[in-house]
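Please read these numbers as outputs of a predicted model, since none were measured by experiment. Computed over heavy atoms, backbone and side chain alike; hydrogens, waters and symmetry mates excluded.
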Amino acid sequence: MPSAGIAPRRAVQLAALFAMMVAFIAQLIGALLPVIPLFIAASVVNLGLDLVLQHQQPGLLSVLGRIRFDVTVRQLLRDMVILVGLLHIDGINPLEEQAPLTITLLLFYGTHFVCQTVAVLVRRARTLPFVTRNIDASALALTDAPPRLLFRQTGRRLLRFSVPTTAGMMVTAVTGNAYWGGLGIAVAVLLSAGGTLYLSTWLLPKKRTLDEQQALAWLDRWLAAYRPTVGMYFSGGSTSAYQANMWLGTLAELGGNPVIVLRERFMVQKIEATDIPIVCIPKVAHLMRLERSTLKVLLHPANSGKTSQILRIPSIKHAFINHGESDKLSSCNPYAKAYDEVWVAGPAARDRYQLADIGIEDKDVVEVGRPQLAPIRPYEGAPLGRFTTVLYAPTWEGWDGNPGNTSVILAGENIVRALLADPKVRLLYKPHPMTGSVDPRAGAADSRIQAMIAEANARRGGALPGPEAAAELARRTTELDRLTTADFRASADELERMRLQGTPEEGRAAAVDAAVAAWEDAYWNSVPEWEHLVVTAARPGIFACFNRADVLISDVSSVVSDYLTSEKPYAVANTSGMDEDDFRAHFPTVRAATILTPDAEGVASLLDTVRHPERDALAAARAELKEHLLGPSDPPSAVRFEKAVRNLCTKADERRVRMESRLSGIPVQRSQRGLNAAGTAGQGAGGAPDATAAV
C-alpha cells in the first residue's frame, strides 16, 4: 500500500526535526547554566541525530538547507555552543586552553572548506559533455571515482570528521582538561587534511580524463566509425523510461547500426538491458554535432520539451512512433505536426488523426502495426483451470483531470469487490506506475484496492508450491539480475560506470531474452494458482500478464489496443459520464468490449461469457477491431516497420542529394532541365549523340 504510510512517515519526520531543535535548545541551556550532564547529553544526541538523518532522511534535511540552516551551519553552531559551554566550566583557562581549542577548531573548518573546493574541481573534471553505455570508451582515459564520502557527501563528511572533535571536547567538559579536546580536534584536522590531499590526486594528469573538446572529438570519431543510420531519441522524467524500453527489442532487430540518443544523464541507467549503443548528450550545442554524423532517421516514442531541439537538425528525418495508442487526446497531440512522419498501428489511428483535425496530413501517416506485440499469445477458448484469471490494469489519471481517464477513482474498488466476490476468480491487479502522481484520490483508491486484495488472500487458502519453486525463482532472479543489472561500487560515478559498461559480451541480448522467459515461468510457478496478485514491479511485464489472463478489464488506453492482438474477451470501465452508445461511438477501441459502469454492473455477465465462449457475441467484432486498430497480420508488423524505416532513410538520402546539389550552386530543377536540353540538342538527325555535347 504505497500511500498508507505517508501520514505516519511525515509524523516521524516532523518529530525528528522537533527533536533536533530541542537538542539545540538543551545544548545551549546546558552550556550557559552550566549543567554538564545536560550539556554532554544534548551535544551527543544533537550530532548523533544529524548523522542518522543524513543517512536515512537526506531529503528531510534538504528542507533545512532551503532556509539556510544546512549541515555546515548546524555543525558550526553545535561547535560554537560547545566552546561557550567550556568557557562556563571551572578549571578551563580561557586564554591558555580555550584559545588554542578555538584556533584549532577553525583550522579544521578551513581544511573542510578546502576539501569542499577540491571536491567541486574533481566533479567538474570528471563530468564529460556526454555519457555512454555499450560503447568502448577506454580511449577517454576513464578511471575509478574517488571515495563518495570525500567526493560527493559533503554533509556526511563534515559530521563524521566532527565526531572526534565532539568526543574530545565532551571528555574535556567532564575532566576539565583541555588536552582531550585538543586531541579530538587534531584527529579531525588530520582526517580532513588527509582526505583533501587524497582527493587532490584525482586532479593529477594520471587520473584526469580528457577535457571537453578532446572528448567531443572522440565522440565524433566514434560516430564516424560506427556509422549509425537509425536511432531512437528519448527525453523524459524518471518514471517515463518504460516508454523507451518497450521499443528496445524492435530497434535491436533493425539493420543500419542503431543507436539510442538520450538527454538526461540519469536516464542512461533507466534504459533496460540492451546491446544497442547509448549516447546521452545533455547540451543542445553538443547535440547539434549529430548533424555531421551518418544518422538518417530518429524514432521518437514520446513528446517532450527537449524534442524540439533535435528537430532543428534538418538532415535527419524524424518519425513519431508513440509509446502506445489509445482513443485519448494524448494519442492525437498537435505536437505531432513537428515530425516528418507519424507512424501508427493501423487504420483506426489514421482515422483518429484526420477526425482530430490538428494539421496532420494523411500522406504523413504510416501504418506499421505494433511489432513489440509478437510475444502475446492468441485466444485459446474457455479457461482450462479451476480459476478464471482476470487482469485489471487501469491506466493513470492523466494531466487534464478528466474523470474518464482512469477507473481507479470512481469504479476501481467496485470492480475489485465484484471480482473478489466470485470464488472462481483469480485477480491480477496491475495499476499504471504513475497512478496517484497527479490526483491523490487515485493513489488513495489504489491503496484501498491493494488492501482489499490482501484481505481476500488472507481469507483464501489452498495448495502451496513446494520450496523448490521459491528456490528456482531465486536462482532465475539471480541469473537475470546478473545479465541485466550492472554491479557498481557505491562510490561509482558516471565515468566509472561508462568504463564498466563498455562493449557488451557477444550474445548477451539472446541470453537476456532466455533469462526473462525462464524467470517468468519460475515466477508463475512460485505463486499459488488461487492467490490474487498485485503486480507493481517491472517484472512480470504487462505482456506476461496478458498471457496469463482469460479476460482484461481496463480503461480507454493503449493496454486495450495491445491486448486485442490476442482476441481474448475484454471489458472497459466507463467513468466518462457518457451513456454507453456515446461511449462506444466516441472511443473506437471499446466497440468490441463489454462496458462496465462505475458500480461494476456487468462483471457477472462478463465472467459468464468468458467461461462459456458459445455465449460470446463479441468474438467476431474483436477480430475485426483488431485489424482496424493494429493493421493486417500479413505482412507481419516487424516487416512493415522495417520497410517504413528504409523508406524514411531513402527520403533522408534524397534530401541530402538535393542539398548538396544546391550548395554546389546548381539548383536541382534547373540542373535537370539543362541536362534534358543538352541531351536533346546533342542528338544528330538520326538521334545519335553529338560529340560536342559531351564536352
*asked:* In the structure I gave you, are the side-chain heavy atoms of Ile310 and Leu290 within less than 4.5 Å of one another anywhere?
replied: yes
*Classify the angle between the aromatic ring planes of His432 and Tyr242 as parallel (below 30°), tilted (30 to 60°) or perpendicular (above 60°).*
perpendicular
*Quick check: does any side chain N or O of Ser192 sit under 3.5 Å from a backbone N or O of Val189, one acting as donor and the other as acceptor?*
no
_Nearest-0.5 Å distance, CG of residue Leu158 to CD of residue Gln75_ = 5.5 Å
*Please confirm whether the backbone N or O of Gly305 pairs with a side-chain atom of Ser308, one donor and one acceptor, at under 3.5 Å?*
yes
_Backbone of Pro277 reached by a side-chain donor or acceptor of Arg133 within 3.5 Å_ = no
*What are the two closest heavy atoms between Leu47 and Ser162, and how far apart are they?*
CD2-O, 4.3 Å
*asked:* Taking the basic N atoms (NZ, or NE/NH1/NH2) and the acidic carboxylate oxygens, is any pair closer than 4.0 Å for Lys306 and Glu264?
replied: yes
*asked:* I need the minimum non-hydrogen distance between Ser200 and Val118, along with the two atoms involved.
replied: OG-CG1, 3.7 Å
*Hey, are the side chains of Glu272 and Thr484 touching, using non-hydrogen atoms and a 4.5 Å cut-off?*
no
_Shortest non-hydrogen separation from Arg208 to Leu203 and the atoms involved_ = CD-O, 3.0 Å
_Could you check whether Arg539 pairs with Glu520 (Lys NZ or Arg NE/NH1/NH2 to Asp/Glu carboxylate O, under 4.0 Å)?_
no
*Report yes if the side chains of Phe151 and Val122 come closer than 4.5 Å at any heavy-atom pair, otherwise no.*
yes
*Locate the shortest heavy-atom distance separating Ala515 from Leu480; write the atom from each residue and the value.*
CB-CD1, 3.7 Å
*Taking the side chain as every heavy atom from C-beta outward, state whether Ile316 and Glu291 have any pair of such atoms under 4.5 Å apart.*
no
*asked:* I'd like to know if the side chain of Ser491 reaches the main chain of Pro147, judged simply by a donor and an acceptor atom lying under 3.5 Å from each other, with no hydrogens or angles considered.
replied: no
*Counting only heavy atoms not in Trp180, do more than 12 sit closer than 6.0 Å to its CH2 atom?*
no
*Report the C-alpha distance between Leu83 and Met80 in whole Å, list the side-chain angles of each, state the deciding distance to 0.1 Å, and finish with yes or no for side-chain contact (heavy atoms from CB on, under 4.5 Å).*
CA-CA 5 Å; Leu83 290 176; Met80 293 300 102; 3.7 Å; yes
*Provide the closest heavy-atom pair for Pro301 versus Phe234 in the form atom of the first, atom of the second, distance.*
CG-CD1, 3.8 Å
*Sub-4.5 Å side-chain heavy-atom contact between Met246 and Ile321*: no
*OG1 of Thr478 to CH2 of Trp519: how many Å apart, nearest 0.5 Å?*
12.5 Å
*Are any of the side-chain nitrogens in Arg499 or Asp144 under 4.0 Å away from the carboxylate oxygens of its partner?*
yes
*Please confirm whether the backbone N or O of Gly443 pairs with a side-chain atom of Ser447, one donor and one acceptor, at under 3.5 Å?*
yes
*Got a donor-acceptor contact below 3.5 angstrom from the Thr172 side chain to the Gly168 backbone?*
yes
*At what distance, to the nearest 0.5 angstrom, does CD1 of Ile260 lie from OG1 of Thr132?*
12.5 Å
*Run the ring-ring contact (aromatic ring centres under 6.0 Å, His included) check on Tyr109 and Phe161 step by step: do they pass?*
CA-CA 10 Å; Tyr109 277 95; Phe161 288 177; over 10 Å; no
*Leu53 vs Gln13, side-chain contact (heavy atoms from CB on, under 4.5 Å): CA-CA, chis, key distance, verdict*: CA-CA 9 Å; Leu53 292 178; Gln13 292 173 343; over 6 Å; no
*Passing candidate, side chain to side chain contact (heavy atoms under 4.5 Å, CB included) with Trp396, options Asp446, Thr435, Asp439*: Thr435
*Within the distance-only criterion (no hydrogens, no angle test), does the side chain of His286 pair as donor or acceptor with the backbone N or O of Pro282 below 3.5 angstrom?*
no
*Taking all heavy atoms of Leu128 and all of Ala215, pick out the closest pair and write down the distance.*
CD2-CB, 3.9 Å
*Sub-4.5 Å side-chain heavy-atom contact between Met498 and Thr209*: no
*asked:* Check this for me, if you would: do Asp493 and Arg152 make a salt bridge, where the nitrogen-to-carboxylate-oxygen distance has to be below 4.0 angstrom?
replied: no
*Checking Asp275 side chain against Ala509 main chain: does a donor-acceptor pair fall under 3.5 Å?*
yes
_Gap separating the CG atom of Leu473 from the CG atom of Asp521, nearest 0.5 angstrom_ = 11.0 Å
*asked:* Name the residue from Val84, Asn46, Val22 that meets the side chain to side chain contact (heavy atoms under 4.5 Å, CB included) definition with Gln27.
replied: Asn46
_Between Leu287 and Val261, is there a side-chain heavy-atom distance shorter than 4.5 Å?_
yes
*Would you sort out whether Val81 and Arg78 count as a side-chain contact (heavy atoms from CB on, under 4.5 Å), showing the intermediate values?*
CA-CA 5 Å; Val81 172; Arg78 273 189 289 265; 5.9 Å; no
_Point-to-point distance, once rounded to the nearest 0.5 Å, from CG of Leu248 to CD1 of Ile276_ = 5.5 Å
*Test: Arg482 and Glu479 ion pair at under 4.0 Å*: yes
*For the pair Tyr226 and Trp222, name the ring-plane relationship: parallel under 30°, tilted 30 to 60°, perpendicular over 60°.*
parallel
*asked:* Please identify which of these residues, Gln309, His318, His300, Arg263, meets the side chain to side chain donor-acceptor pair (under 3.5 Å) condition with Tyr233.
replied: Arg263
*Carefully, step by step, assess Thr307 and Ser304 under the rule side-chain hydrogen bond (donor to acceptor under 3.5 Å, both in side chains).*
CA-CA 5 Å; Thr307 300; Ser304 74; 3.1 Å; yes
*More than 12 non-hydrogen atoms from neighbouring residues, nucleotides or ligands closer than 6.0 Å to OH on Tyr179, yes or no?*
no
_Rounded at 0.5 Å granularity, tell me how far CE in Met232 sits from CD1 in Ile278._
8.0 Å
*Pairing of Arg126 and Glu494 as salt bridge, 4.0 angstrom limit*: no
_Note, Arg497 side chain near Gln269 side chain (heavy atom, < 4.5 Å)_ = yes
*Can Arg476 and Glu472 be counted as an ion pair, charged N to O under 4.0 angstrom?*
yes
*Check the pair Arg157, Thr154 against side-chain contact (heavy atoms from CB on, under 4.5 Å), reporting the backbone distance first and the verdict last.*
CA-CA 5 Å; Arg157 182 180 70 235; Thr154 305; 3.9 Å; yes
